[in-house]
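Next up is a structure, given as structure tokens.
Only this structure's heavy atoms are used, side chains among them; waters, hydrogens and symmetry mates stay out.
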2 protein chains.
Amino acid sequence: MTTARSEQSRRVDYSESTRNALVDSAVTLFTDNGYAATSLDAVARGARVTKGALYHHFSGKQALFEAAFDAVESAVSARLVQVVTGPGGAWERAMEGVRGYVNVCLEPSYQRIVIHEGPVVMGWDRWREAEDRFSFGLVRATLEALIEAGEIEALPVETTARVLFGALSTGATIIAGAPDPERAGAEVLLTIERVLVGMRAAGPR
Amino acid sequence: MTTARSEQSRRVDYSESTRNALVDSAVTLFTDNGYAATSLDAVARGARVTKGALYHHFSGKQALFEAAFDAVESAVSARLVQVVTGPGGAWERAMEGVRGYVNVCLEPSYQRIVIHEGPVVMGWDRWREAEDRFSFGLVRATLEALIEAGEIEALPVETTARVLFGALSTGATIIAGAPDPERAGAEVLLTIERVLVGMRAAGPR
DNA sequence: GTTTGCGGCATACCGCCGGTATGGAGCACA
DNA sequence: TGTGCTCCATACCGGCGGTATGCCGCAAAC
């Protein structure tokens, strides 16, 4: 790692590092205090720079939020892809994906920045676009795989995937806010599984 | 209606009227521009008063939002109760309730204030409490009725109701944002119905 | 009818925060 | 060694949530 990045000049190294520090600081503060209650001065302080640096790298508070959003989503998606593309049949991989996604939703950063504040801060349309490239895209792909494998009967993929995605994130929110997360997690998984099994319908295997 | 309210003094009539005007103005502006982009001066102007009046009736912006929230929810709940307590068996009433709720979710005020910004502005815990007294309470009660009538097999009511509620509101959001709401509405209803039918499971009738 | 109290609201003002304008420091390239 | 451009700091502005203060008029007390 010491001699890496030798391709680019030292100057852009510094710049990248500053930008990353700003994003990290933003993720932390947005997660802890929410978008509205987080001041840009605080974000800059957390990255040990001033607002001038922040406005050099980002056009404004919204753009900073979107950068934080992308950072969280990228990390999460990378992990989920591993789970969903593992060994086993389509059904097993899907169920494994459900478990994996619920786990992801338990992380405070994902829950607050991506699920809760994302649609409000970015606007629902833009949030929807962004989601297509990340975790929702995975849910949709998994559902398509299930249909292609004949595990569940054909249905409007886009709509079903959206509704399922909503059910999943809602479930994860329940778990995170429950007094007994262990128990709540089991119940949520059972509920989602029951829904999927119900869709298995006519001739599953 | 002319001689109504004769019990209370003219002064409190004025006060109530002012308060209602503020809430109405808040509902309109929060719906159109969202919480963050709505200034209290604008709300006051919309009610043809000043910020002094606003702060006399409400402790701050959050309290004003909650008043708007309650106003929207009250109107909606009243309508939904009519639908759910209509004639017919438990299953029919439930399906009718689903259709009714999806319709409710199509109203911009309900969608933006209650579903989208509510959890963010009020905080998820407080939003959850408030919801118990309104539309979520209805979903839960309907689900309980279904179980009691033996239409679907027993399951953890609270969790299932929450997940179902999430699926419903997500579905409504899809419809509202779809290029062809007619078609999207049909698909969402079909999806939710299929989920519920899947739960009907073992031996309903 | 006069006085007194107080609820209902307007006006003026403060501090914080998002955003902008400006300038300086240092690397790259000629 | 100039020259330009990237990267960032400093200083400042305007808007908005929130507060302090005071007036106006109804209503009860006498």
Are any of the side-chain nitrogens in A/R126 or A/E131 under 4.0 Å away from the carboxylate oxygens of its partner?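 No.
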Spacing of B/E16 atom CD relative to C/dC9 atom P, expressed in whole Å: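 Roughly 11 Å, once rounded to whole Å.
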Rounded to whole Å, how long is the line connecting atom CG of B/D41 with atom C1' of D/dG17?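 In whole Å, D/dG17 C1' and B/D41 CG are 9 Å from each other.
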Decide yes or no, distance alone: a donor-acceptor N/O pair under 3.5 angstrom between the base of C/dG19 and the side-chain of A/K61.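 No such pair is found, so the answer is no.
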Separation of D/dC7 P from A/F58 CZ (nearest whole Å):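 For the pair A/F58 CZ and D/dC7 P, the rounded distance is 13 Å.
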How many whole angstroms separate atom CG of A/L54 from atom P of D/dA9?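 So the two atoms are 10 Å apart, to the nearest Å.
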Between atom NZ in A/K51 and atom P in C/dT22, what is the gap in whole Å?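 Taking NZ of A/K51 and P of C/dT22, I get 17 Å after rounding.
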Nearest to the side chain of A/V49 - D/dC7, C/dC9, D/dA9?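 Among D/dC7, C/dC9, D/dA9, the one nearest the side chain of A/V49 is D/dA9.
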Could you tell me whether B/T38 contacts a base, only the sugar-phosphate backbone, or nothing, with contacts defined as non-hydrogen atoms closer than 4.0 Å?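 Touches sugar-phosphate only.
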Go through C/dT20, D/dC8, D/dG18 for me and flag the one nearest to the A/H57 side chain.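 Nearest to the side-chain atoms of A/H57, counting from C-beta on, is D/dC8.
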Between C/dG18, D/dT19, C/dG8, which nucleotide gets closest to the side-chain atoms of B/H56?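 Between C/dG18, D/dT19, C/dG8, the one nearest the side chain of B/H56 would be C/dG8.
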Which of these nucleotides, D/dG18, C/dG18, C/dC9, is closest to any side-chain atom of B/T18?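 Closest nucleotide to the B/T18 side chain: C/dC9.
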Specify the separation, in whole Å, of atom CG of B/L29 and atom C1' of D/dG17.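 Value for this atom pair: 16 Å.
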Just the rounded figure in Å: distance from P of C/dC14 to CG of B/L40.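 Between P of C/dC14 and CG of B/L40: 20 Å.
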Just by distance, no angles: are the side chains of A/S109 and A/T31 close enough, under 3.5 Å, to form a donor-acceptor pair?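 A/T31 and A/S109 do have a side-chain donor-acceptor pair below 3.5 Å.
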Would you call A/R162 and A/D132 a salt bridge, using N to O less than 4.0 angstrom?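 Salt bridge between A/R162 and A/D132, a charged N being under 4.0 Å from a carboxylate O: yes.
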Closest nucleotide of DNA chain C for A/G60 versus for B/A53: which of these residues is on the 5' side?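 Its nucleotide being nearer the 5' end, the pick is B/A53.
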Under a 3.5 Å cutoff, is there a donor and acceptor pairing between the side chains of B/Y101 and B/S169?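 Their side chains do not contain a donor-acceptor pair, so the 3.5 Å distance test is not met.
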Please work out which of the three classes, parallel, tilted or perpendicular, describes the rings of A/F65 and A/F30, given edges at 30° and 60°.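 Geometry flag for A/F65 against A/F30: tilted rings.
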Atom-to-atom span, CG of A/L64 to C1' of C/dG19 - whole angstrom: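 One finds 14 Å between C1' of C/dG19 and CG of A/L64, rounded.
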Let's see if you can work this out: which of D/dA9, D/dG17, C/dG19 has an atom nearest to the side-chain heavy atoms of A/Y55?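 Closest of the options to the side chain of A/Y55: C/dG19.
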Consider the side chain of A/T50, meaning its heavy atoms from C-beta on, and name the nucleotide among D/dT10, C/dA10, D/dG18 that approaches it most closely.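 Nearest listed nucleotide: D/dT10.
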